[in-house]
K.L.:
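Here you go, one structure.
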Amino acid sequence: MTGCLIVGYFMSEIRVRFAPSPTGYLHVGGARSALFNYLYAKRNGGKFILRIEDTDQERSTEESLKMMVADLKWLGLNWDEGPNPETLKDMGPYGPYKQSERLKNYKAAAEKLLADGKAYYCFMTDEELEAAREKVKADGHQGHVESPWENGTVADALKKIAAGEKAVVRFKTRQLRKDYILKDLIRGEVKFPSDMIGDFVLLRSDGMPVYNFCCVVDDYEMKISHVLRAEEHLPNTLRQLMIYEGMGWKTPEFGHISLILDDDRQKLSKRKGAVACDQFMKDGYLPEAMNNYLALLGWSHPEQKEIMPMQEMVDNFSLDRVHAAGAVFDRVKLKWVNAQHLRALPNADIYKLISPFLKNAGLNLPTDLNWQMQSVEIFKPYMEILTDAVTLYTPLDDSKYEIFAESDEALAWPSSKAVLEAWKECVTAHAGETFTEADFLRIQDEVKNKSGQKGKNLFFPIRIALIGKPHGAELKILVPLMNKTSILKRAEKALAKVK
RNA sequence: GUUCCCAUCGUCUAGUGGCCUAGGACACCUCCCUUUCACGGAGGAUACAGGGGUUCAAAUCCCCUUGGGAACGCCA
């Protein structure tokens with residue numbers, strides 16, 4: 001008895017998968033599906049499998065596969081089985097993990113269905129199909145195309161094919177008229193009337209299988225226990241249920257996650273801004289922030305925590321906390337989440353993260369470690385994403401110093417000229433090449449006395465002469481990051497502007 | 001058009017029949033900190049789509065309406 005229970009326990013190992021088709025970049029919606037699968041697997045001590053759905057030969061590319069793998073790696077959603085993240089060679093006992101290499105499996109399954117009379121060869125041409133669809137539509141009824149080949153024998157069909165005719169294999173739905181009930185883990189009971197679909201294609205005329213078919217064969221053969229995927233697949237589930245039934249296979253559990261929406265509540269699309277994971281990477285988002293934000297789109301921490309590391313999400317993830325309604329992708333909040341993660345990092349880590357962006361922008365900055373740490377300390381509160389560092393550090397590179405339009409107003413004040421002149425004089429009079437905070441404070445006092453200005457009138461022109469903008473970090477901590485030569489050069493430029 | 005899914009502040013959500021005159025977060029507004037801005041802190045405004053039931057009691061359960069979305073391919 002106990003033995004049976006143990007066997008039962010092992011039989012029910014949690015195995016989930018993310019199954020993208022390599023026809024482009026990894027979309028944030030896909031990333032979230034992958035994340036939920038990953039979290040569910042990790043939470044339950046299960047396996048997370050990556051399967052590549054590349055049966056659409058027209059659109060699938062090796063390039064895209066590499067991009068997806070890279071994005072998933074960036075997010076840290078490491079898979080236990082699937083293409084090796086480095087070599088792309090299969091790893092795991094249930095391969096191949098690319099559908100294009102599993103053709104014989106689908107063929108075998110199709111042959112069984114054909115032999116059992118649950119599928120048939122259909123020779124309808126595109127034109128015939130189109131005409132049939134038109135007719136059905138004209139009748140006003142929802143119906144579906146009925147194929148005249150439904151009752152043909154396999155032997156006859158094979159003869160025609162041998163003679164060079166093209167045929168698809170269709171699944172026979174006519175005798176299956178009943179309601180199919182799906183117990184969705186997220187949505188509860190979903191009832192599909194079987195007549196919502198007609199005889200659908202299993203194998204294309206070129207022999208390539210179609211999504212709904214491979215999906216079932218693979219999920220079964222790869223022993224997938226839970227299928228967690230986007231809501232757009234919900235109607236597909238009926239076809240899949242029929243195939244499971246036809247094959248006599250046990251169905252896995254299903255859970256359909258809501259869609260990610262644009263602010264106009266349509267399915268998130270490229271037209272509204274970045275949706276590709278790698279774009280977020282290039283814009284300077286942190287993978288941990290991405291995961292954190294994506295998790296919050298539909299799932300919530302039991303204690304309502306918002307900012308958390310991956311491990312905390314893993315420890316608290318459960319499907320019953322997944323919301324069934326669609327969620328609007330809010331870039332503003334994503335930025336905020338990113339800022340929280342970023343600012344929590346040690347300064348040294350932050351500098352390491354921003355360096356490639358600074359370098360990429362062609363900035364020439366001090367290599368002194370102290371300088372770097374100090375600068376991060378100053379700029380950190382101004383950074384939300386890594387690319388913000390570029391704007392922040394640019395004024396620190398002499399060759400890039402420029403006076404921004406937002407400075408115009410302050411420079412036009414009648415008092416600004418005197419302040420700038422006094423500033424230049426006092427800096428020139430300063431003995432060393434660098435400044436301490438105390439040095440600056442002393443100089444600032446001198447400028448104040450000389451120009452007779454204080455408050456905004458005093459600080460705005462000086463700040464503009466330092467970073468090209470009237471607003472930003474505190475001067476007394478900013479100045480020690482600069483040297484005399486460079487400060488004077490800038491003062492000149494600012495002065496030139498007021499003359 | 002048909003089928004299915006969904007419905008709490010502008011947005012993400014908490015809420016599983018009484019603890020809800022509905023809580024948190026982002027955004028917004030005010031104030032404090034600060035000779036600027038940001039960060040940080042304290043407050044504020046803002047929501048149960050509508051209508052019927054069920055119940056002593058409904059944001060929570062049921063039905064209808066409305067609204068939104070998705071799917072209806074030899075795409076996935």
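Throughout, a chain's letter reflects where its sequence line sits, starting with A, and its residues are numbered from 1.
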K.L.:
Base, sugar-phosphate alone, or nothing: which one does V168(A) contact when heavy atoms must sit under 4.0 Å apart?
P.N.:
base
K.L.:
Once the angle between the rings of F254(A) and H256(A) is folded into 0 to 90°, is it parallel (under 30°), tilted (30 to 60°) or perpendicular (over 60°)?
P.N.:
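Rings of F254(A) and H256(A): parallel, under 30°.
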K.L.:
Who does rU2(B) pair with, Watson-Crick or G-U, both distances under 3.5 Å?
P.N.:
rA71(B)
K.L.:
Hey, are K448(A) and E446(A) close enough for a salt bridge, meaning a charged N less than 4.0 Å from a carboxylate O?
P.N.:
no
K.L.:
How is D184(A) classified with respect to the nucleic acid when contacts are heavy atoms under 4.0 Å: base, sugar-phosphate, or nothing?
P.N.:
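It contacts nothing in the nucleic acid.
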K.L.:
Please classify the nucleic acid contact of K469(A) as base, sugar-phosphate, or nothing, using heavy-atom distances under 4.0 Å.
P.N.:
nothing
K.L.:
Please state whether the base of rA25(B) and the side chain of K333(A) form at least one donor-acceptor pair under 3.5 Å?
P.N.:
yes
K.L.:
Please report the distance separating the P of rU34(B) from the corresponding atom of rC48(B), rounded so that it comes out in whole Å.
P.N.:
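Looking at atom P only, rU34(B) and rC48(B) are 41 Å apart.
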K.L.:
Could you state the atom-to-atom distance from CG of D262(A) to P of rC12(B) in whole Å?
P.N.:
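Answer to the nearest Å: 12 Å.
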K.L.:
Write down the distance separating the C1' atoms in rA49(B) and rG68(B), rounded off to the nearest Å.
P.N.:
11 Å
K.L.:
Where the side chain of H233(A) is concerned, which of rC5(B), rU11(B), rA76(B) is the nearest nucleotide?
P.N.:
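Minimum distance to the H233(A) side chain belongs to rA76(B).
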K.L.:
Mind checking if K267(A) touches a base, just sugar-phosphate, or nothing, with heavy atoms under 4.0 Å?
P.N.:
sugar-phosphate
K.L.:
Which part of the nucleic acid, if any, lies within contact of A473(A), taking any heavy atom under 4.0 Å across all strands shown: a base, the sugar-phosphate backbone alone, or nothing?
P.N.:
base
K.L.:
With a 3.5 angstrom cut-off on both distances, give the Watson-Crick or G-U wobble partner of rG18(B), or none if there isn't one.
P.N.:
rC56(B)
K.L.:
Students often get this wrong, so: under 4.0 angstrom with heavy atoms, is K476(A) touching a base, only sugar-phosphate, or nothing?
P.N.:
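K476(A): no heavy atom of the nucleic acid under 4.0 Å.
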K.L.:
Any N or O donor-acceptor pair linking the side chain of E232(A) to the base of rG69(B) at under 3.5 Å?
P.N.:
no
K.L.:
Would you tell me if any nitrogen or oxygen in the side chain of R32(A) comes within less than 4.0 Å of OP1 or OP2 on rC12(B)?
P.N.:
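So the side chain of R32(A) is outside the cut-off, no N or O lying under 4.0 Å from OP1 or OP2 of rC12(B).
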K.L.:
Check whether any side-chain nitrogen or oxygen of Q266(A) sits under 4.0 Å from OP1 or OP2 of rG69(B), and answer yes or no.
P.N.:
yes
K.L.:
For atom P, what is the distance between rU46(B) and rU2(B), given to the nearest Å?
P.N.:
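Result for the P pair: 41 Å, nearest Å.
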K.L.:
What's the closest nucleotide to the L234(A) side chain, out of rC12(B), rC5(B), rC74(B)?
P.N.:
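Of the candidates, rC5(B) comes closest.
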K.L.:
Is the number of heavy atoms from other residues, nucleotides or ligands within 6.0 Å of NZ (K456(A)) greater than 12?
P.N.:
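12 or below, so no.
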K.L.:
Can you figure out which of rA76(B), rU3(B), rU36(B) approaches the side chain of S21(A) most closely?
P.N.:
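Nearest listed nucleotide: rA76(B).
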K.L.:
Could you measure between the two C1' atoms, the one in rU16(B) and the one in rC61(B), and give it in whole Å?
P.N.:
10 Å
K.L.:
Send over the distance from L26(A) CG to rA76(B) C1', rounded to a whole Å.
P.N.:
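L26(A) atom CG is separated from rA76(B) atom C1' by 14 Å.
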K.L.:
Using whole Å, what does the distance between atom P of nucleotide rA71(B) and atom CG of L238(A) come to?
P.N.:
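To the nearest whole Å, that distance equals 16 Å.
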K.L.:
Nearest of rU13(B), rC37(B), rA25(B) to any side-chain atom of H471(A)?
P.N.:
rC37(B)
K.L.:
What is the ring orientation for F171(A) with F200(A), classed by angle as parallel under 30°, tilted 30 to 60°, or perpendicular over 60°?
P.N.:
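Correct class here is parallel.
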K.L.:
Is it the case that atom CD in Q175(A) sees more than 12 heavy atoms from other parts of the structure closer than 6.0 Å?
P.N.:
yes
K.L.:
Between R102(A) and E221(A), does any NZ, NE, NH1 or NH2 come within less than 4.0 Å of an OD or OE carboxylate oxygen?
P.N.:
yes
K.L.:
Report which part of the nucleic acid Y211(A) touches: base, sugar-phosphate, or nothing (heavy-atom distance under 4.0 Å, all strands).
P.N.:
base
K.L.:
Which nucleotide, rG24(B), rC26(B), rA76(B), lies nearest any side-chain atom of N212(A)?
P.N.:
rA76(B)
K.L.:
Which part of the nucleic acid does P470(A) contact within heavy-atom distance under 4.0 Å: base, sugar-phosphate only, or nothing?
P.N.:
base
K.L.:
Take atom CZ of R321(A) and atom C1' of rU13(B), then tell me their distance rounded to the nearest Å.
P.N.:
10 Å
K.L.:
When you measure from the side chain of D56(A), which nucleotide among rA76(B), rC12(B), rC39(B) comes out closest?
P.N.:
rA76(B)
K.L.:
With a non-hydrogen cut-off below 4.0 angstrom, is H256(A) in contact with a base, only sugar-phosphate, or nothing?
P.N.:
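It contacts nothing in the nucleic acid.
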K.L.:
Quick test of your reading of the model: are D199(A) and R174(A) salt-bridged, counting only N-O distances below 4.0 Å?
P.N.:
no
K.L.:
What integer number of Å spans the C1' atoms of rC9(B) and rU55(B)?
P.N.:
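Comparing C1' positions in rC9(B) and rU55(B) gives a spacing of 29 Å.
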K.L.:
Considering every strand and a 4.0 Å limit on heavy-atom distances, what is the contact class for E474(A): base, sugar-phosphate, or nothing?
P.N.:
base
K.L.:
Using a heavy-atom cut-off of under 4.0 Å over every strand shown, decide if G198(A) touches base, sugar-phosphate, or nothing.
P.N.:
nothing
K.L.:
Please tell me which of the listed nucleotides, rC74(B), rU13(B), rA7(B), lies nearest to the side chain of R170(A)?
P.N.:
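So the side chain of R170(A) is nearest to rC74(B).
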K.L.:
Quote, to the nearest angstrom, the C1' distance that separates rG10(B) from rA71(B).
P.N.:
29 Å
K.L.:
In whole Å, what is the span from the CD1 atom of I257(A) to the C1' atom of rC5(B)?
P.N.:
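To the nearest whole Å, that distance equals 14 Å.
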K.L.:
Answer with base, sugar-phosphate or nothing: what part of the nucleic acid does S258(A) contact at a heavy-atom distance below 4.0 Å?
P.N.:
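S258(A): no heavy atom of the nucleic acid under 4.0 Å.
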K.L.:
With the side chain of Q444(A) defined as its heavy atoms from C-beta on, choose the nearest nucleotide among rG40(B), rC12(B), rU35(B).
P.N.:
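Looking only at side-chain atoms, Q444(A) lies closest to rU35(B).
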K.L.:
Nearest-Å distance, CG (L334(A)) to P (rC26(B))?
P.N.:
14 Å
K.L.:
Scan every strand shown for a Watson-Crick or G-U wobble partner of rA25(B), both distances under 3.5 Å, and answer none if you come up empty.
P.N.:
rU11(B)
K.L.:
Measure from the side-chain heavy atoms of W336(A) and tell me the nearest of rC74(B), rC26(B), rC6(B).
P.N.:
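My answer, after comparing the listed nucleotides, is rC26(B).
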K.L.:
Provide the distance between the two C1' atoms, one in rU60(B) and one in rG18(B), to the nearest whole Å.
P.N.:
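Between the two C1' atoms, the distance is 11 Å.
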K.L.:
How close or far is atom P of rG69(B) from atom CG of D263(A), stated in whole angstroms?
P.N.:
13 Å
K.L.:
Please give the distance between the P atoms of rC72(B) and rC64(B) as a whole number of Å.
P.N.:
26 Å
K.L.:
Is the closest basic N to carboxylate O distance between R442(A) and D445(A) below 4.0 Å?
P.N.:
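So R442(A) does not pair with D445(A) through a salt bridge.
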K.L.:
Assign S205(A) to base, sugar-phosphate, or nothing according to its heavy-atom contacts below 4.0 angstrom with the strands shown.
P.N.:
base
K.L.:
Between E474(A) and K476(A), does any NZ, NE, NH1 or NH2 come within less than 4.0 Å of an OD or OE carboxylate oxygen?
P.N.:
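Yes, this pair counts.
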K.L.:
Let me spell it out: for each of G298(A) and V190(A), pick the nucleotide of RNA chain B with the closest heavy atom. Which residue's pick is nearer the 5' end?
P.N.:
V190(A)
K.L.:
Over how many whole Å does the gap from I197(A) atom CD1 to rA70(B) atom C1' extend?
P.N.:
16 Å
K.L.:
Determine: side-chain N/O of T55(A) to OP1/OP2 of rA76(B), distance under 4.0 Å, yes or no.
P.N.:
yes
K.L.:
Once the angle between the rings of F460(A) and W413(A) is folded into 0 to 90°, is it parallel (under 30°), tilted (30 to 60°) or perpendicular (over 60°)?
P.N.:
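Ring orientation, 0 to 90° scale: parallel.
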K.L.:
OP1 or OP2 of rG73(B) versus the side-chain N and O atoms of R133(A): is any pair under 4.0 Å?
P.N.:
yes
K.L.:
Counting the atoms with a prime plus P, OP1 and OP2 as sugar-phosphate, which does E53(A) contact under 4.0 Å by heavy atoms, base, sugar-phosphate, or nothing?
P.N.:
sugar-phosphate
K.L.:
Would you say the side chain of N236(A) and the base of rA76(B) hold a donor-acceptor pair, judged only by whether the two atoms sit under 3.5 Å apart?
P.N.:
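Check passes, donor-acceptor contact within cut-off.
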K.L.:
5'-most contact on RNA chain B: L297(A) or L261(A), nearest heavy atom basis?
P.N.:
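Here L297(A) is the residue nearer the 5' end.
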K.L.:
Scan every strand shown for a Watson-Crick or G-U wobble partner of rG40(B), both distances under 3.5 Å, and answer none if you come up empty.
P.N.:
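rG40(B) is paired, partner rC32(B).
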